[in-house]
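The structure appears right after this line, and notes come after that.
So you know, we letter chains A, B, ... as the sequences are listed, proteins then strands, and number each from 1. Computed from heavy atoms alone, side chains included, the values below leave out hydrogens, waters and symmetry copies.
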Amino acid sequence: MRLSSSFIPTLKEVPTDAVIPSHILMIRAGLIRQLSAGIYSMLPAGYKVIRKISEIIREEMNAIGGQEFHLPALNPREIWDDTGRVEAFGDTLFHVKNRDYVLAPTHEEIIAFHAKGSVKSYKDLPQIWYQIQTKFRNEARPRSGVIRGRQFLMKDSYTLDATWEDLDIGYQKHYDAYKAIFDRCGLKYFIVGAHSGAMGGSKSEEFMVKSDAGEDNIAYCEKCGYAANSEVAASVNKPLDRKDEQKEVFEISTPNVKSIDELCEFLSIDETECAKSRVYISDGKPILVLMVGNDEVNESKLENILGSQVRPAHPEELLDITGADAGSIGPIGFKGRIIADMNLKDANNMYSGANKNDYHIGGIDFTRDVANAEFFDLRFVETGEGCTNCGEALEVFKAIELGHIFKLGTKYSEALGANFLDENGKDHPIIMGSYGIGVERVFACYVEQNFDERGIIWGKKLAPFQIQLLGLNMKKDVVVDASEKIYLDLTAKGFDVLFDDRIDASAGFKFNDADLMGMPVQIIVGERNIKENTVEVKVRRDGERFQVKLDELYSKIDEIFESIE
RNA sequence: CGGGGCGUAGCGUAGUCCGGUUAGCGCGCCUGCUUUGGGAGCAGGAGGUCGCAGGUUCGAAUCCUGCCGCCCCGACCA
């Protein structure tokens, strides 16, 4: 491809709307352009990257027996009503105004619909069906460029099985295929056990990439590889020390003291001497949750303990339940279930609310005074805490969800009546699994992990072009002749070459554009070198440069492509 | 949806508080000449509903009201 006649609009300046490196660079390198919030156009060079990622996905999906579909994005609303997901998705589901259609945010329903029509016997199973297709979700807040969009490309696949054992096999095939896909794409990622939540108890794992632009918090152990979403991550328990001096319970007037910080300042105490109270409603009943100091309640852990969803009590409910407003609530005199963080077990001489406005109680001994409390791990793990697996310090950081694999079960097949007959002629719902990969997220995450101050650094697998050939002064016949020949030769050898043949662009301009676009190898044809029958070859990633004789160029190029990722 | 910021040429921006020449600058673009190993120089030129609508005023990019759009933080995220 000749740069002089291609549309790769690079930008010297940083676009105002872009904040994270991948977003900035994808725009500056002429790969994408925004149309509207969360809606992006793939420009020709960007679309080449998308196609390369898609091709890797296809190869690995086909290798596990996947069959590629192309399902409609425009769906009748009715089928989404049948599974209750019009309500479940709520405002996230796009509705078409002038006909009763929705824009599909995923395709479980459509897969189950087709399975119902055609999969009748256990002999038809198992099946792995997949597609790479545009999905639509009315995200309240699109962000970080292509990472959270209202329209995005997703590889979604579905396993259809007759038995739970076969589901396990299909799930494992996806697990292995996903590792192969992300490895081939050159991403550094890790796999996290995910919170299955109230939606179903089936197994679910997420493929994550560490990034400040991420929306999930992950606890990770460098040493043993333990990784978990912070919603479920555990750490080594560090209970408060029991003080030697044993105080009695006493009441203190604390006018206008609401927060733990205010209490600590008012009484000149440390926050580890305070038990923070939060009241939740679960199954209509109040639960008092106690945490050390300013520790936040991990509501996912609380839900897992209670086996039901929770919500914070409303202010009016607080007064009704405890007799006090938020800021003065505590365990002494609380009627109802008390769940406390395990670090509070056996703690003494603690301060907490008095269940009377503007009063707190000191000298609380959890063993003596809060004997009915149940103790559980309720905290969010923080950086530096010990891994429960190996004891090494955990690191907590943000991460982007690249893909996720999920054992669905029979929710959709039951709702839509997608059944099969077993050996005995008995009806059963098809057992399903669902597996997703965000294609643009693979793209953006690769850029997030592979750039420097000059631009993107592509590896050979995903690069839009393999080689960028720079003809430095295209008004000199020697340069034109040599670079044209190299371009034609390399193209004939099967290389995808981007040839910077622009006549008016200066040398420096071409160098900077080439570094910005970031093809793995640059070949620089300059007047001085070419008169000596040499060109310069530069490897983008490490910046290494070689002066290469023209007759050795192609073997050198082969050699470099052998050695680079 | 709550909080904050922004909207002026393709891109980046000044001017807005305190209304008053022809709305300025850099990049990019067009023409010509020169230049070509790290974002060239000179000369000439094109390009603007100042987000939209209404209002105040002799006069609005600037003040007032409403709306729209974009970004960031948070909430939400099968």
Side-chain angles (χ1 to χ4, degrees), chain A residues 7 9-20 23-24 27-28 30 33-40 80 83-93 104-109 135 137-145 147-150 152 154 156 194-200 202 204 206 212-216 229 231 299-300 311-312 400-401 404 406 408-409 411-412 415 434 436 438 454-455 470-476 478-480 500 502-516 522-532 534-536 538 543 545 547:
Chain A
F7 182 66
T10 56
L11 250 36
K12 202 187 307 190
E13 287 175 289
V14 176
T16 19
D17 282 350
V19 173
I20 65 167
H23 190 193
I24 292 170
I27 293 171
R28 286 194 54 214
R33 278 295 116 98
Q34 182 177 42
L35 179 64
S36 178
I39 307 177
Y40 287 83
W80 288 83
T83 56
R85 292 175 107 195
V86 170
E87 200 190 345
F89 270 103
D91 194 48
T92 303
L93 187 66
T106 173
H107 278 85
E108 282 82 4
E109 277 78 358
K135 299 288 189 272
R137 295 184 193 183
N138 185 25
E139 296 292 347
R141 179 153 98 83
R143 70 185 93 184
S144 305
I147 287 171
R148 177 166 290 267
R150 294 206 170 115
F152 57 97
M154 178 168 160
D156 48 322
H195 174 61
S196 36
M199 283 303 291
S202 295
S204 156
E206 296 167 329
D212 285 338
E215 298 171 289
D216 290 277
N229 199 300
E231 289 181 337
E299 294 178 8
S300 299
R311 63 166 176 85
I400 296 166
E401 182 186 340
H404 109 247
F406 194 80
L408 277 181
K411 176 182 159 105
Y412 300 96
S434 116
R454 308 194 63 79
L470 322 200
L472 286 194
N473 185 347
M474 294 300 280
K475 284 178 181 164
K476 301 284 180 183
V478 278
V479 175
V480 172
D500 193 343
R502 290 174 293 185
I503 293 171
D504 44 2
S506 69
F509 194 92
K510 292 186 177 187
F511 285 131
N512 283 306
D513 250 6
D515 287 345
L516 174 61
Q522 297 171 12
I523 300 174
I524 298 145
V525 182
E527 192 183 3
R528 272 200 294 277
N529 277 336
I530 209 67
K531 283 178 175 164
E532 308 284 320
T534 66
V535 294
E536 183 177 307
K538 175 177 158 183
R545 295 153 190 270
Q547 291 290 322

Legend entry - A:Ser36 vs B:C70: side-chain N/O to OP1/OP2 distance below 4.0 Å: yes
Inset, instruction - Check the distance between B:G37's P and A:Asp515's CG and give it to me in whole angstrom. - result: 16 Å
Inset, instruction - In whole angstrom, give the distance that lies between atom CD of A:Glu215 and atom C1' of B:C72. - result: 13 Å
Inset, instruction - Classify the side chain of A:Glu527 and the base of B:G37 as holding, or not holding, a donor-acceptor pair under 3.5 Å. - result: no
Inset, instruction - Give none if B:G47 has no partner; otherwise give the nucleotide forming a Watson-Crick or G-U wobble pair with it, both distances under 3.5 Å. - result: none
Legend entry - Distance-only side-chain donor-acceptor flag, A:Arg85 / A:Tyr412, under 3.5 Å: yes
Legend entry - P spacing across the pair B:G20 / B:G59, given as an integer number of angstrom: 15 Å
Legend entry - CD on A:Gln34 to CD1 on A:Ile39, rounded to 0.5 Å: 8.5 Å
Legend entry - Sugar-phosphate, base or nothing in reach of A:Val479, heavy atoms under 4.0 Å: nothing
Legend entry - Touch class at under 4.0 angstrom, heavy-atom based, for A:Thr83 against every strand present: nothing
Legend entry - Between A:Thr92 and A:Asn138: side-chain donor-acceptor atoms closer than 3.5 Å: no
Legend entry - Separation of the C1' atoms in B:G12 and B:G74, to the nearest angstrom: 29 Å
Inset, instruction - Could you work out the separation of B:C42 and B:C25 based on their P atoms and round it to a whole Å? - result: 15 Å
Inset, instruction - Assign A:Ile530 to base, sugar-phosphate, or nothing according to its heavy-atom contacts below 4.0 angstrom with the strands shown. - result: nothing
Inset, instruction - Determine whether any donor atom in the side chain of A:Asn529 lies under 3.5 Å from an acceptor atom in the base of B:G37, or the reverse, and answer yes or no. - result: yes
Inset, instruction - Sort out the partner of B:G54 for me: Watson-Crick or G-U wobble, both distances under 3.5 Å, none otherwise. - result: B:C64
Inset, instruction - Specify the separation, in whole Å, of atom CD of A:Glu536 and atom C1' of B:G37. - result: 8 Å
Inset, instruction - Just compare B:G39, B:C72, B:G38 and give me whichever is closest to any side-chain atom of A:Lys538. - result: B:G38
Legend entry - Nearest-Å distance for atom pair CG/C1', residues A:Asp504 and B:C33: 14 Å
Legend entry - Residues, nucleotides or ligands: over 12 heavy atoms within 6.0 Å of A:Arg311 CZ: yes
Inset, instruction - Just call it for A:Ala505: base, sugar-phosphate, or nothing, with non-hydrogen atoms closer than 4.0 Å on any strand. - result: base
Inset, instruction - Could you work out the separation of B:G45 and B:G5 based on their C1' atoms and round it to a whole Å? - result: 37 Å
Inset, instruction - Rounded to the nearest angstrom, tell me the gap between atom CZ in A:Arg28 and atom C1' in B:G39. - result: 10 Å
Inset, instruction - Determine the Euclidean distance between corresponding P atoms of B:C50 and B:C29; express it in Å to zero decimal places. - result: 26 Å
Legend entry - Presence of A:Ser506 side-chain N/O under 4.0 Å of B:U36 phosphate oxygens OP1/OP2: no
Legend entry - Pair assignment for B:C6, Watson-Crick or G-U wobble, requiring both distances under 3.5 Å: B:G69
Legend entry - Gap in Å between the two C1' atoms, one belonging to B:G47 and one to B:G28, rounded: 12 Å
Legend entry - Separation of the P atoms in B:C27 and B:C67, to the nearest angstrom: 41 Å
Inset, instruction - Would you check, one step at a time, whether the test salt bridge (Lys or Arg N to Asp or Glu O under 4.0 Å) holds for A:Arg545 with A:Glu536? - result: CA-CA 7 Å; A:Arg545 295 153 190 270; A:Glu536 183 177 307; 2.7 Å; yes
Legend entry - Rounded interatomic separation in angstrom, taking CG from A:Asp513 and P from B:G37: 17 Å
Inset, instruction - Please check the phosphate of B:C70 (OP1 and OP2 only) for any side-chain N or O of A:Thr16 closer than 4.0 Å. - result: no
Inset, instruction - By nearest nucleotide on RNA chain B, pick out whichever of A:Phe152 and A:Gly526 is the more 5' one. - result: A:Gly526
Legend entry - Base partner of B:U22, which must satisfy Watson-Crick or wobble distances under 3.5 Å: none
Inset, instruction - For the side chain of A:Asp17, starting at C-beta, report the closest nucleotide among B:G38, B:C70, B:C27. - result: B:C70
Inset, instruction - Could you check how far CZ of A:Arg141 sits from P of B:G4, rounded to whole Å? - result: 15 Å
Legend entry - Partner nucleotide, any strand, of B:C1 [Watson-Crick/G-U, under 3.5 Å]: B:G74
Inset, instruction - Go ahead and name the base partner of B:U16; Watson-Crick or wobble counts if both distances stay under 3.5 Å, otherwise write none. - result: none
Inset, instruction - Could you please name the partner base of B:A40, counting Watson-Crick and G-U wobble pairs only when both distances are under 3.5 Å? - result: B:U34
Inset, instruction - Any chance you could measure A:Thr16, atom OG1, to A:Ile24, atom CD1, to the nearest 0.5 Å? - result: 10.5 Å
Inset, instruction - Would you give the length of the straight line joining atom OH of A:Tyr40 to atom CZ of A:Phe152, rounded to the nearest 0.5 angstrom? - result: 14.5 Å
Inset, instruction - Name the residue closer to the 5' end of RNA chain B, choosing between A:Thr106 and A:Gln34 according to the nucleotide with the nearest heavy atom. - result: A:Gln34
Legend entry - Distance-only donor-acceptor check, side chains A:Glu108 and A:Thr106, under 3.5 Å: yes
Inset, instruction - Just compare B:C71, B:C27, B:A75 and give me whichever is closest to any side-chain atom of A:Ala140. - result: B:A75
Legend entry - Under 4.0 angstrom between A:Arg148 side-chain N/O and B:C77 OP1 or OP2: no
Legend entry - A:Arg143 side chain, from C-beta outward: closest of B:A75, B:A40, B:G39: B:A75
Legend entry - Base B:G39 to side chain A:Arg502, donor-acceptor N/O within 3.5 Å cut-off: no
Legend entry - Aromatic ring of A:Phe511 stacked on base six-ring of B:G38, 5.5 Å, 30°: yes
Inset, instruction - Can you measure from CZ (A:Arg528) to CG (A:Leu472) and round to the nearest 0.5 angstrom? - result: 10.0 Å
Inset, instruction - Using the C1' atoms only, state how far B:C18 lies from B:A61, rounded to an integer number of Å. - result: 15 Å
Inset, instruction - Quickly work out the A:Phe509 CZ to B:G39 C1' distance and round it to whole Å. - result: 6 Å
